[in-house]
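All values below come from the heavy atoms of this structure, side chains included, with hydrogens, waters and symmetry mates left out.
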Amino acid sequence: MEPDPPPAAPPRAPAAARRGVLHVLGDLLFPPGPATGSPGGGGSAGAGNPHGGLPPLLIVLTFVSGLVDAVSYLGLDHVFVANMTGNVAFLGFALAGDRSLSAEASAVALGAFLAGALTAGRLRSGERPAGLAGPLVAVQAVLVGAALATRQSGGGQLAVIVLLALGMGLQNGVVHRLAVPDLTTTVVTRALTGLAADRWGAASVRRLVTVLTLLAGALAGGALTLGGDPRAALALATALLLAVALSATLTTRTADRPLR
């Protein structure tokens, strides 16, 4: 009597379902082929997406940058907490005598931003950068939430600036360590330059998405702040950061787990 055949293996889930929606969106931003990220719009031939599910999360962080800069510029002494290029220029204008700008606020924002970036760069420096994204964005969410609470309780503007700029420094430090091409989450000057100077390709799509997302964040934050409720913009930023922190943690753990 022949032994019973071994039971059939259960059918495998489709690759997209096993890898998750974030990874699929990441593949759309980094498709396989010769156009995935070189300075001229190209990249490693056939490389595809080496960044997993992180690219769409960086797009969300870009939206957050627009939100918080709208709150800080329109409601906090005309200062940026994410765009430090503007802050350096504002500091120079204020020192030159522009009374509509605050040299103190710009200097405080620059110092807090640098402290946040320094922390992200030095903290657990031996760990894989992707593993830091979730925890540090969670800390950023706490800082933005603290800025919201400070604003709600009538705290000083400089305290709110410090909390927001410290959080944005953390974000930019994490993004710098991840080094995902064209997704810096804050600076769009280089993205605009690449859009104009390079031939159209996958990198152009990422740059365009970055510019439009920052614009959308600034539009949303500006509408909420000019409408009289900057706290709503900070609350939205906090919620988005918490979602990114959780998603980054989960997608990193999934990526570390072998597919079956």
Q.
Strictly by side-chain hydrogen bond (donor to acceptor under 3.5 Å, both in side chains), give each pair with a member in residues 73-94 just once, sequence neighbours left out.
A. none
Q: Compare every heavy atom of Gly221 with every heavy atom of Ala70, then report the nearest pair and how far apart it is.
A: CB-C, 3.5 Å
(Q) Using the side-chain contact (heavy atoms from CB on, under 4.5 Å) criterion, which residues pair with Leu28? Sequence neighbours excluded. (A) Leu25
Q: Determine the minimum heavy-atom distance between Leu214 and Gly66, stating which atoms define it.
A: CD1-N, 3.5 Å
Q) Can you tell me how far CZ of Phe93 sits from OG of Ser100, rounded to the nearest 0.5 angstrom? A) 10.0 Å
Name the atoms and distances for all side-chain donor-acceptor pairs under 3.5 Å in residues 57-65, with sequence neighbours left out.
residue, atom, partner, partner atom, Å
Thr62, OG1, Leu58, O, 2.9
Ser65, OG, Leu61, O, 3.2
Ser65, OG, Gln171, NE2, 3.1
Ser65, OG, Thr185, O, 2.7

Q. Could you give the distance from CG (Leu67) to CG (Leu234), rounded to the nearest 0.5 Å?
A. 8.5 Å
Q) In chain order, what residues pass the side-chain contact (heavy atoms from CB on, under 4.5 Å) check against Thr184, with sequence neighbours excluded? A) Val187
Q. Is there a donor-acceptor pair closer than 3.5 Å between any side-chain N or O of Ser106 and the backbone N or O of Ala103?
A. no
Q: Quick one: pull up CG in Leu242 and CD in Gln140 and give me the separation to the nearest 0.5 Å.
A: 10.0 Å
Q) Is any side-chain heavy atom of Val79 closer than 4.5 Å to a side-chain heavy atom of Phe90? A) no
Q.
I'd like to know if Leu76 and Leu101 are part of one continuous hydrophobic network [Ile/Leu/Val/Met/Phe/Trp/Tyr, side-chain heavy atoms within less than 4.5 Å].
A. no
Q) Arg231: what forms a salt bridge (Lys or Arg N to Asp or Glu O under 4.0 Å) with it, not counting sequence neighbours? A) Asp229
**Q.** hydrophobic_cluster_shared for Val88 and Leu164, side chain cutoff 4.5 Å
**A.** yes
Q. What's the shortest heavy-atom distance between Pro56 and Leu29, and which atoms?
A. N-CD1, 4.1 Å
Q) Can you list the residues that meet the side-chain contact (heavy atoms from CB on, under 4.5 Å) rule with Leu158, with sequence neighbours excluded? A) Glu104, Ala105, Val108, Ile161
Q: For Gly222 and Leu74, work out which heavy atoms get closest and say how close.
A: CA-CD1, 3.7 Å
Q. What about Phe30 and Leu212, same hydrophobic cluster or not, with Ile/Leu/Val/Met/Phe/Trp/Tyr joined at side-chain heavy-atom distances under 4.5 Å?
A. yes
(Q) Give me each pair satisfying salt bridge (Lys or Arg N to Asp or Glu O under 4.0 Å) with a member in residues 136-149, each pair once, sequence neighbours excluded. (A) none
Q: Using the test salt bridge (Lys or Arg N to Asp or Glu O under 4.0 Å), find all partners of Asp98 that sit at least two apart in sequence or belong to another chain.
A: none
Q | Hydrophobic cluster identity match, Val81 and Leu240, side-chain contacts under 4.5 Å | A | yes
Q: Kindly compute the distance separating CG (Leu166) from CG (Leu170), expressed to the nearest 0.5 Å.
A: 5.5 Å
Q: Would you list the pairs meeting salt bridge (Lys or Arg N to Asp or Glu O under 4.0 Å) in which at least one residue belongs to residues 78-93, sequence neighbours left out?
A: none
Q. Tell me the side-chain hydrogen bond (donor to acceptor under 3.5 Å, both in side chains) pairs involving residues 210-228, sequence neighbours left out?
A. none
Q: Measure from the side-chain N and O atoms of Arg206 to the backbone N and O of Asp182, and report whether any donor-acceptor pair falls under 3.5 Å.
A: no
(Q) Show the nearest heavy-atom pair for residues Gly86 and Phe80, with the distance to one decimal. (A) CA-CD1, 3.9 Å
Q: First locate atom OG1 of Thr238, then atom CG of Leu143, and finally report the distance between them rounded to the nearest 0.5 Å.
A: 10.0 Å
Q) Partners of Val174 by side-chain contact (heavy atoms from CB on, under 4.5 Å), sequence neighbours excluded? A) Ala120, Ala133, Leu136, Leu178
Q) Side-chain contact, heavy-atom cut-off 4.5 Å: Ser247 with Leu22? A) yes
Q.
For residues Val209 and Trp200: do they belong to one hydrophobic cluster (side chain heavy atoms under 4.5 Å, members Ile, Leu, Val, Met, Phe, Trp, Tyr)?
A. yes
**Q.** Heavy-atom closest pair, residues Met168 and Thr186
**A.** CE-OG1, 4.5 Å
Q. Quick one: side-chain hydrogen bond (donor to acceptor under 3.5 Å, both in side chains) pairs with a partner in residues 141-150, sequence neighbours left out?
A. none
Q.
Evaluate Val211 against Leu192 for side chain to side chain contact (heavy atoms under 4.5 Å, CB included), listing each step before the verdict.
A. CA-CA 8 Å; Val211 172; Leu192 287 169; 3.9 Å; yes
